[in-house]
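A quick write-up on the structure given underneath.
On a predicted model such as this, the values are computed, not experimentally measured, just so you know. Heavy-atom basis, side chains included; hydrogens, waters and symmetry copies ignored.
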Amino acid sequence: MRRIAIYGAIGDFCDNTPCVKSWVKDWDKRSLYFQAGALIQAIIHKGKEYNFKRILLEPLSKDMIPSNIPDLLELAREAAINEEKIRLFVKEHVEVLRNSAYIVNTNNSISKAAIYAASYGHREVGIAAEYREKKGVYDLSIRSRGNVDLNHLLRSVAPMFGGSGGGHPVAAGARIPEDSLEVFLRAFDSRLGEASEVK
């Protein structure tokens, strides 16, 4: 089951912890990342189809490698094609602030879009926001390539605007009311700058 734990760590940007780094030594790293990549791409591609995720549990619990799970590699391939569309959309439409870059309404994977917002915005932090009409909110995915703790910042800034947020230091999320998105983005950007100066 350690191998499955490693897949999860890779998918959750936690593969640089001492424990996981120690476990990885028992495997061919290239194979691990291939298997984890295929698994994570397929899961992200299926989105909220929770039954698909439940079906994955049985073969994984029997130590079947992801590439041997029926249809998983094809789903991963579709996800890779889709990711190229996201990348190009973000490259064309990214907005840049002083300390972060953001993209709104890619109508696609916001976690991927946040990564590319940081990249094409040439900032340490990338943000992707997607409007949820039924709830009147924006869901945000935020990714950092630096040393600022996103979880800590979001927990203090998001509630100031009627929202909520948190997650990991380098990968987090938030939910912000639609009328507060712009002011939240600017306030969050300002706090990122303050946190970077402290470092």
Side-chain angles (χ1 to χ4, degrees), residues 10-16 33 36-37 40-48 76 78-133 135-197 199:
I10 292 168
D12 218 10
F13 303 102
C14 294
D15 51 315
N16 205 28
Y33 278 79
I40 302 306
Q41 287 282 64
I43 289 171
I44 290 173
H45 191 59
K46 292 300 260 184
K48 294 185 179 181
E78 289 172 17
I81 292 168
N82 186 53
E83 185 170 336
E84 271 299 282
K85 292 176 186 172
I86 297 168
R87 183 184 69 79
L88 294 172
F89 181 87
V90 173
K91 182 179 182 182
E92 195 70 30
H93 297 94
V94 68
E95 299 285 341
V96 179
L97 299 174
R98 180 175 290 236
N99 303 292
S100 60
Y102 70 93
I103 187 81
V104 178
N105 291 332
T106 60
N107 298 313
N108 218 311
S109 169
I110 59 175
S111 62
K112 304 268 188 189
I115 292 167
Y116 291 118
S119 176
Y120 288 113
H122 306 289
R123 296 294 183 266
E124 290 298 315
V125 173
I127 304 167
E130 195 74 38
Y131 182 59
R132 308 296 185 213
E133 189 172 358
K135 297 184 178 179
V137 298
Y138 280 92
D139 281 345
L140 280 66
S141 181
I142 305 171
R143 298 292 183 261
S144 174
R145 306 186 306 175
N147 296 316
V148 175
D149 186 335
L150 295 178
N151 175 50
H152 177 74
L153 283 181
L154 282 171
R155 287 182 183 276
S156 64
V157 178
M160 295 166 51
F161 299 92
S164 60
H168 297 293
V170 296
R175 178 166 280 177
I176 304 296
E178 62 178 310
D179 297 338
S180 300
L181 180 66
E182 290 297 324
V183 288
F184 165 79
L185 288 171
R186 277 156 182 71
F188 184 69
D189 187 78
S190 177
R191 288 290 296 277
L192 281 171
E194 292 167 11
S196 294
E197 288 172 10
K199 298 276 182 189

(request) Answer yes or no: is there a donor N or O on one side and an acceptor on the other, between the side chain of N99 and the main chain of E124, under 3.5 Å? (result) no
(request) Just jot down the side chain to side chain donor-acceptor pair (under 3.5 Å) partners of S100, sequence neighbours excluded, or say none. (result) D189
(message) My understanding is that only one of V183, L181, L185 makes a side-chain contact (heavy atoms from CB on, under 4.5 Å) with F161; could you say which?
(response) V183
(message) Please find the pair of heavy atoms, one from A117 and one from G126, that lie closest to each other, and give the distance.
(response) CB-CA, 4.1 Å
(message) As a test of understanding, state which of E83, R87, R143, K91 forms a side chain to side chain donor-acceptor pair (under 3.5 Å) with Y116.
(response) E83
(request) Check step by step if side chain to side chain contact (heavy atoms under 4.5 Å, CB included) holds for V125 and V148. (result) CA-CA 9 Å; V125 173; V148 175; 5.5 Å; no
(message) Set out, in order, the CA-CA distance, both residues' side-chain angles and the distance that settles side chain to side chain contact (heavy atoms under 4.5 Å, CB included) for V96 and H122, then state yes or no.
(response) CA-CA 8 Å; V96 179; H122 306 289; over 6 Å; no
(request) Considering non-hydrogen atoms only, spot the tightest contact between Y131 and E133 and give its length. (result) CE2-CA, 3.5 Å
(request) Going by the side-chain contact (heavy atoms from CB on, under 4.5 Å) test, name the single residue among L140, V157, V137 that passes it with I176. (result) L140
(request) State which residue, out of I103, I86, V90, fulfils the side-chain contact (heavy atoms from CB on, under 4.5 Å) condition with N108. (result) I86
(request) Give the minimum heavy-atom separation between A114 and A128, together with the two atoms involved. (result) N-CB, 3.6 Å
(request) Measure the spacing between OG of S190 and CG of L97 and express it to the nearest 0.5 Å. (result) 10.5 Å
(message) One pair to check against side chain to side chain contact (heavy atoms under 4.5 Å, CB included): H168 and L150. What are the steps and the verdict?
(response) CA-CA 7 Å; H168 297 293; L150 295 178; over 6 Å; no
(request) Taking side chain to side chain donor-acceptor pair (under 3.5 Å) as the test, write out the residues that go with S109, two or more places apart. (result) S111
(request) Say whether, by atom type as modelled, one donor and one acceptor occur between the side chain of E178 and the main chain of Y138 under 3.5 angstrom. (result) no
(message) How close do A158 and G165 get, counting heavy atoms only, and between which atoms?
(response) CB-N, 3.9 Å
(request) Provide the closest heavy-atom pair for G166 versus A172 in the form atom of the first, atom of the second, distance. (result) O-CB, 3.3 Å
(message) Run the salt bridge (charged side-chain N to carboxylate O under 4.0 Å, His left out) test against D139 and tell me which residues pass, sequence neighbours left out.
(response) R132, R175
(request) Taking H45 for its side chain and Q41 for its backbone only, find out whether a donor-acceptor pair lies under 3.5 Å. (result) no
(message) Please check this pair: side chain of D149 against backbone of N151, looking for a donor-acceptor N/O pair closer than 3.5 Å.
(response) yes
(message) Taking the side chain as everything from C-beta on, heavy atoms only, tell me whether L154 gets closer than 4.5 Å to F184.
(response) yes
(message) To the closest 0.5 Å, what do you measure between CD1 (I127) and OG (S144)?
(response) 10.5 Å
(message) Working to the nearest 0.5 angstrom, can you tell me the gap between K112 NZ and K85 NZ?
(response) 14.5 Å
